[in-house]
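Report on the following structure.
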Amino acid sequence: MKQPNLILITAIAMLAIAFHAAPASSAMPIAFTVSGTVTSVAGGDQIVIDGKSYTVQVQGPALGELEQVHVGQKVAVVLNGPPGAAATQVVDIQVQNAH
């Protein structure tokens, strides 16, 4: 094989590998978050943020976190799906401290 052909084949192989690799960010899951003021905590598994109700996942840390949340607090919640979807649940609650 001639030297120029070997260089060409190597360059094509390197380009194919480079373009085939997926970016690292594509492997990261999408996190759905909602933040706002708690307007109600009801039923032991419901939190209402800025007038919109969200169900809290009962198997997980969010249910325990819900017990520490009070009306009027600013919170950020992580959802396991898009807001508004019927099956979406709160999987994490973070109380935001006022500074």
Side-chain angles (χ1 to χ4, degrees):
M1 190 180 281
K2 295 181 182 178
Q3 186 71 5
N5 287 344
L6 181 61
I7 293 172
L8 180 62
I9 291 171
T10 303
I12 291 171
M14 292 176 72
L15 284 172
I17 291 170
F19 284 112
H20 180 66
S25 63
S26 69
M28 296 176 62
I30 297 173
F32 296 99
T33 60
V34 173
S35 60
T37 303
V38 176
T39 52
S40 176
V41 177
D45 68 346
Q46 295 287 319
I47 185 169
V48 182
I49 302 169
D50 294 333
K52 294 184 181 176
S53 182
Y54 302 92
T55 301
V56 177
Q57 190 177 51
V58 294
Q59 285 97 12
L63 192 61
E65 295 163 352
L66 181 64
E67 296 172 359
Q68 307 302 318
V69 173
H70 305 287
V71 173
Q73 286 182 310
K74 300 276 186 192
V75 296
V77 298
V78 178
L79 307 173
N80 63 1
T88 295
Q89 295 179 319
V90 174
V91 295
D92 186 42
I93 302 171
Q94 300 167 358
V95 176
Q96 299 174 335
N97 296 327
H99 291 90

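Nothing here was measured: the structure is a model prediction, and the numbers come from that model. By convention here, the first residue in the shown sequence is residue 1.
- For the pair E65 and V69, the tightest heavy-atom approach, listed with the atom from each and the gap, is O-CG2, 3.4 Å.
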Below 3.5 Å, can you tabulate the donor-acceptor pairs from side chains in residues 52-64 to any protein atom, sequence neighbours excluded?
unit_1: S53; atom_1: OG; unit_2: Q46; atom_2: OE1; d: 2.7
unit_1: T55; atom_1: OG1; unit_2: Q46; atom_2: NE2; d: 2.8

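- Taking each heavy atom of V38 and V41 in turn, the nearest pair found is CG1-CG2, 3.8 Å.
- Distance check: S35 OG to I49 CD1 gives 8.0 Å after rounding to the nearest 0.5 Å.
- Put simply, CG on L66 and CD1 on I93 are 4.5 Å apart, with the number rounded to the nearest 0.5 Å.
- V34 is connected to F32 through a chain of hydrophobic side-chain contacts under 4.5 Å among Ile, Leu, Val, Met, Phe, Trp and Tyr, so both are in one cluster.
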Could you pull out every donor-acceptor pair under 3.5 Å between side chains of residues 71-84 and any protein atom, sequence neighbours left out?
unit_1: Q73; atom_1: OE1; unit_2: H70; atom_2: N; d: 2.7
unit_1: K74; atom_1: NZ; unit_2: T37; atom_2: OG1; d: 2.9
unit_1: N80; atom_1: OD1; unit_2: Q89; atom_2: N; d: 2.7

